[in-house]
**Q** 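What follows is a structure written as structure tokens; I'll ask about it next.
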Amino acid sequence: MKSVMKSGCWLICLFVLAVPFPARPDGPGQPPNILLIVSEDNGPELGSYGDPYARTPHLDRLAAAGVRFENAFVPYSVCSPSRAALLTGLHPTQNGQIGLATHKFAMYRKDTPNIATLLESAGYQTGLIGKLHVNPESAFPFDFRAIPRSNFNRKHTVRDYAEAASRFFGKAGDRPFFLSVNYPDAHLPFLRQANGRPEQPLSANDVKPMPWVGVDSARIREQVANYYNCLERLDEGVGLLLSELDKTGLSENTIVFYFSDHGAQFPRGKGTVYEGGLRVPLIIRWPGQAKAGTVRTELVSTIDILPTVLKAVGVTPPAPLPGWALQPLLTGESPSAWRRYLFGFTTGAFPRACFVQHSIRDERYKLISNPRPRTENLDAGTYLDEDHPNFVVSGATGDEQSTSSAFVKKALERWSRPPLYELYDLENDPEEWTNLADDPEHAEERLRLVEELKAWQREIRDPFLVQEHVDAFVSEQLANRDLGYRSRDDFRWSYLEAFPVWRAMDHGQKAVSSPPPR
């Protein structure tokens, strides 16, 4: 990696096309306002998605008034990379945010075009309520900020978020607005109640773990119950926020997006490339445009949000984006062409959880690629190893794992030291218990997905396509498991210099992929 840095550092300037982009063209009518509602660490455990334990009436009404996406995913199931991806419209290895901002992972360039800069140049008043959690924060020059921290202790109430939104609406004046509201629920700690909410919380006897967790106990059920209590508190906050929007009289000209940054923090969820980590709820309400009550089953991603917003407001990005504008799905069309594959990625997000994986899925099959097979998956250890320094309370103890089914035990062992490839038939095995990668009857599917994954990595110039880059990245992570770098102001991960150089070299591929013309 160091030799690459020395030979080509001058090419780093080619990574981002920082060309000017046109402002929104004038046209009839007021351009739409944009409201992003983002929750933390939850999958589609909502009433509108059929969850039996969810108490989410406000989000369910939002789904009834808009479009609900049954198969929505994030490209990385940890906060900072997921948020950077949706804000820039780029995959994590394209923008550089491949780990947690609190652990000094960052985007390659602070001048990477993003939703704040693009809409600000189109005349929008921009605002952010709640955390950003992407480095560098200076890359996102929002006009308005409130409650800028994570608020995991829930000191700020859901009403505080609504009141902050009300202040922002008042400041926007006659300008169209973009506002992102980011709630702390349902991130750990799973608080049974916060500020007296919810009034009647669920308890362990009221719930069961999500099917993909695979481990059950009274202790885990208590965590699950409080996870649902977090979701009920979130739902109340969404109701208060939408009420404030209604008071402005602007609801009919506001596109409302609701989604989570990734799945729940339970075993085989957050941090992984399993469905429990990557699959999220996505609801879009667009009065007069989106067909109310529609459910779409196409494969969609949160990297589609920026292309959708830009198309809605008439802004052309400075370079093609890999996502797809969702307008045809919102209006009830049956597009002649739609993506066949979706991709996931993880590095584990920080040194004590390090493990590099890619995933690719189509409508039925899912392949997971582990470029360092049979080595210890430290991310799995945060859920399964009580001696891990970052073992989470929502993980499964050894005693709890010992009572699980034989196929679950086998799947947990596989997760702890994965093979080179995993292959799952999501139609018959939606929880990804049975690995078919070595099944001769599925050899053709495995080969197809392996080839498609590598082709995609070449197309987006993914540095982790090169084994040398994987090994160098992991070695640096493992050498820093004491986390001492967190107290060093001058510390910078070496990939931030090395990867842009490699990406800027001529590999015979375009810098980003874009959908074919419809």
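All values derive from a computational prediction rather than experimental measurement.
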**Q** Return the minimal non-hydrogen interatomic distance between Ser494 and Glu476, and the atom names on each side.
**A**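 Of all heavy-atom pairs spanning Ser494 and Glu476, the closest is OG-OE1, 2.8 Å.
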**Q** Out of Phe464, Trp502, Tyr495, which one pairs with His469 under the ring pair (Phe, Tyr, Trp, His ring centres under 6.0 Å) rule?
**A**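 Among the candidates, only Trp502 passes.
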**Q** Give a yes or no on whether Asp490 atom CG has more than 12 heavy-atom contacts from other residues, nucleotides or ligands under 6.0 Å away.
**A**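 Counting other residues, nucleotides and ligands, CG of Asp490 exceeds 12 neighbours.
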**Q** Grab the two heavy atoms, one from Gly269 and one from Thr272, that are nearest each other, plus how far apart they are.
**A**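 Result for this residue pair: O-OG1, 2.7 Å.
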**Q** Given side chains that start at C-beta, do those of Val256 and Thr254 come closer than 4.5 Å, heavy atoms only?
**A**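 Heavy-atom side-chain distance check passes, below 4.5 Å.
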**Q** Using side-chain hydrogen bond (donor to acceptor under 3.5 Å, both in side chains), reason through Asn390 and Thr382 one step at a time and then give a plain yes or no.
**A** CA-CA 6 Å; Asn390 293 90; Thr382 66; over 6 Å; no
**Q** Hey, could you give me the OG1/CG distance between Thr126 and Leu179, rounded to the nearest 0.5 Å?
**A**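 It is 9.5 Å, given to the nearest 0.5 Å.
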**Q** With a 4.5 Å cut-off on side-chain heavy atoms, are Gln265 and Val392 touching?
**A**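 Side-chain contact under 4.5 Å: yes.
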**Q** When Asp462 is tested against each of Gln457, His91, Gln94 for side-chain hydrogen bond (donor to acceptor under 3.5 Å, both in side chains), which residue passes?
**A**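 Exactly one pass, corresponding to Gln457.
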**Q** Return the CZ to CZ distance between Arg197 and Arg159, rounded to the nearest 0.5 Å.
**A**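 Going from the CZ atom of Arg197 to the CZ atom of Arg159 covers 8.5 Å.
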**Q** Using the ring-ring contact (aromatic ring centres under 6.0 Å, His included) rule, collect all pairs that involve residues 245-270, keeping only residues at least two apart or in two chains.
**A**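 Found Phe190-Phe266, Tyr227-Phe266.
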**Q** Of the options Thr347, Asn377, Leu378, which is the one that meets Phe355 in a side-chain contact (heavy atoms from CB on, under 4.5 Å)?
**A**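 Answer after filtering Thr347, Asn377, Leu378: Asn377.
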**Q** Tell me whether Arg279 is salt-bridged to Glu45, with the criterion being a basic N under 4.0 Å from an acidic carboxylate O.
**A**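 Salt bridge between Arg279 and Glu45, a charged N being under 4.0 Å from a carboxylate O: no.
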**Q** Please confirm whether the backbone N or O of Pro31 pairs with a side-chain atom of Asn253, one donor and one acceptor, at under 3.5 Å?
**A**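 At least one qualifying donor-acceptor pair exists.
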**Q** May I ask you to decide if Gly99's main-chain N or O and Gln97's side chain share a donor-acceptor pair within less than 3.5 Å?
**A**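 Checking the backbone N and O of Gly99 against the side chain of Gln97, a donor-acceptor pair under 3.5 Å is found.
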**Q** Taking Tyr383 for its side chain and Lys270 for its backbone only, find out whether a donor-acceptor pair lies under 3.5 Å.
**A**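 Such a contact is found between Tyr383 side chain and Lys270 backbone.
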**Q** Within the side chain of Arg481, is there an N or O that forms a donor-acceptor pair under 3.5 Å with the backbone of Pro351?
**A**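 No, because the side chain of Arg481 does not come within donor-acceptor range (under 3.5 Å) of the backbone of Pro351.
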**Q** Would you confirm whether Ser301, through its side chain, and Val74, through its main-chain N or O, come within 3.5 Å as a donor-acceptor pair?
**A**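 Between the backbone of Val74 and the side chain of Ser301 there is no qualifying donor-acceptor contact (under 3.5 Å).
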**Q** Determine whether Leu35 and Leu241 satisfy the following criterion, side chain to side chain contact (heavy atoms under 4.5 Å, CB included), listing intermediate values before the conclusion.
**A** CA-CA 10 Å; Leu35 175 60; Leu241 172 63; 4.3 Å; yes
**Q** Calculate, to the nearest 0.5 Å, the distance between atoms NZ and CD belonging to Lys110 and Glu137 respectively.
**A**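 The NZ atom of Lys110 sits 13.5 Å away from the CD atom of Glu137.
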**Q** Determine whether Leu132 and Pro148 make a side-chain contact, defined as any pair of heavy atoms from C-beta on separated by less than 4.5 Å.
**A**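 Heavy-atom side-chain distance check fails, nothing below 4.5 Å.
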**Q** Evaluate the ring planes of Trp338 and Trp324, with Trp represented by its six-membered ring, and classify them as parallel (under 30°), tilted (30 to 60°) or perpendicular (over 60°).
**A**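 Rings of Trp338 and Trp324: tilted, as their planes differ by 30° to 60°.
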**Q** Determine yes or no for a side-chain-to-main-chain donor-acceptor pair under 3.5 angstrom, with Asp235 supplying the side chain and His58 the backbone.
**A**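 Between the backbone of His58 and the side chain of Asp235 there is a qualifying donor-acceptor contact (under 3.5 Å).
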**Q** With a 4.0 Å cut-off on N to O distance, would you call Arg154 and Asp185 a salt bridge?
**A**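 Salt bridge: yes.
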**Q** Side chain of Arg339, backbone of Leu299: donor and acceptor closer than 3.5 Å?
**A**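 Present.
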**Q** With side chains defined as the heavy atoms from C-beta onward, is the minimum distance between Leu282 and Asp304 less than 4.5 Å?
**A**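 Not in contact.
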**Q** Please evaluate residues Asp246 and Ser251 with respect to the criterion side-chain hydrogen bond (donor to acceptor under 3.5 Å, both in side chains), reporting the C-alpha separation (whole Å), side-chain torsions for both, the decisive distance (0.1 Å), and the verdict.
**A** CA-CA 5 Å; Asp246 288 341; Ser251 293; 2.5 Å; yes
**Q** Main chain of Gly271, side chain of Ser77: is a donor-acceptor contact present, judged purely on distance under 3.5 Å?
**A**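 Here the side-chain-to-backbone pair exists.
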**Q** Set out, in order, the CA-CA distance, both residues' side-chain angles and the distance that settles side chain to side chain contact (heavy atoms under 4.5 Å, CB included) for Gln125 and Phe178, then state yes or no.
**A** CA-CA 6 Å; Gln125 177 85 1; Phe178 165 79; over 6 Å; no
**Q** Shortest non-hydrogen contact from Thr93 to Tyr108?
**A**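 The pair with the smallest heavy-atom distance is O-OH, 3.0 Å.
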**Q** Between Arg268 and Glu275, does any side-chain N to carboxylate O distance fall below 4.0 Å?
**A**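 Result for this pair is no, no salt bridge flagged.
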**Q** Between Phe142 and Phe140, how do the two ring planes meet: parallel, tilted or perpendicular, split at 30° and 60°?
**A**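 Ring orientation of Phe142 relative to Phe140: parallel.
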**Q** The test is side chain to side chain contact (heavy atoms under 4.5 Å, CB included); show your working for Leu326 and Val300 and say whether it passes.
**A** CA-CA 8 Å; Leu326 297 173; Val300 301; 3.7 Å; yes
**Q** Any side-chain heavy-atom pair from Val280 and Phe73 closer than 4.5 angstrom?
**A**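 Result no, sub-4.5 Å side-chain heavy-atom pair not found.
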**Q** Could you tell me if the side chain of Pro418 sits less than 4.5 Å from the side chain of Arg372, heavy atoms only?
**A**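 Not touching, per the 4.5 Å side-chain cut-off.
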**Q** Take Phe177 and Tyr124 through the test ring pair (Phe, Tyr, Trp, His ring centres under 6.0 Å) and record every step on the way to the result.
**A** CA-CA 5 Å; Phe177 68 76; Tyr124 274 68; 8.2 Å; no
**Q** Return the orientation label for the Phe345 and His358 ring planes: parallel under 30°, perpendicular over 60°, tilted otherwise.
**A**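 Rings of Phe345 and His358: tilted, 30 to 60°.
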**Q** Counting heavy atoms not belonging to Lys454, are there more than 12 under 6.0 Å from its NZ?
**A**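 For Lys454, atom NZ is not crowded (no more than 12 foreign heavy atoms under 6.0 Å).
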**Q** Would you compute the distance between atom NE2 of His156 and atom CG of Asn195 and round it to the nearest 0.5 angstrom?
**A**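 Rounded to the nearest 0.5 Å, the NE2-CG separation comes to 10.5 Å.
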**Q** Answer whether the closest heavy-atom distance between the side chains of Asp160 and Ile147 falls below 4.5 Å.
**A**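 Asp160 vs Ile147: side chains touch.
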**Q** Please check if the side chain of Ser243 supplies one atom and the backbone of Gly239 the other of a donor-acceptor pair under 3.5 Å.
**A**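 Looks like no, no N/O pair under 3.5 Å.
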**Q** Establish, for the pair Arg68 and Tyr49, whether the NZ or CZ atom is under 6.0 angstrom from the six-membered ring centre and no further than 45 degrees off its axis.
**A**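 Yes, Arg68 lies over the aromatic ring of Tyr49.
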**Q** Looking only at non-hydrogen atoms, find the nearest pair between Leu278 and Pro75 and report the distance.
**A**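 In terms of heavy atoms, the two residues are closest at CD2-C, 4.3 Å.
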**Q** In Å and rounded to the nearest 0.5 Å, what is the CG to CG distance from Leu36 to Leu87?
**A**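 CG of Leu87 is found 8.0 Å from CG of Leu36.
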**Q** Give a yes or no on whether a salt bridge exists between Lys247 and Glu244, defined as a side-chain N under 4.0 angstrom from a carboxylate O.
**A**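 Yes.
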**Q** Ring of Phe69, cation from Arg296 - is the NZ or CZ under 6.0 Å from the centre and inside 45° of the axis?
**A**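 No cation-pi geometry.
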**Q** Please give me the minimum heavy-atom distance between Ala139 and Met107, naming the atom from each residue.
**A**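 Nearest pair, atom of Ala139 first, then Met107: CB-CE, 3.7 Å.
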**Q** For Pro184 versus Glu40, what's the shortest heavy-atom pair and its separation?
**A**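 Shortest heavy-atom contact: O-CB, 3.5 Å.
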**Q** Donor-acceptor check, side chain of Asn226 to backbone of Asn229, threshold 3.5 angstrom: yes or no?
**A**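 No.
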**Q** Output, in order, the C-alpha distance, side-chain angles, deciding distance and verdict of side chain to side chain contact (heavy atoms under 4.5 Å, CB included) for His103 and Leu483.
**A** CA-CA 8 Å; His103 288 266; Leu483 309 187; 4.2 Å; yes
**Q** Evaluate the criterion ring pair (Phe, Tyr, Trp, His ring centres under 6.0 Å) for residue pair Tyr485 and Trp493; output intermediate values, then yes/no.
**A** CA-CA 9 Å; Tyr485 59 85; Trp493 294 111; 4.9 Å; yes
**Q** So how far is it from Asp471 CG to Gln467 CD, rounded to the nearest 0.5 Å?
**A**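 Atom-to-atom, Asp471:CG and Gln467:CD are 4.5 Å apart.
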**Q** Taking the side chain as every heavy atom from C-beta outward, state whether Phe343 and Ile460 have any atom pair closer than 4.5 Å.
**A**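 Result no, sub-4.5 Å side-chain heavy-atom pair not found.
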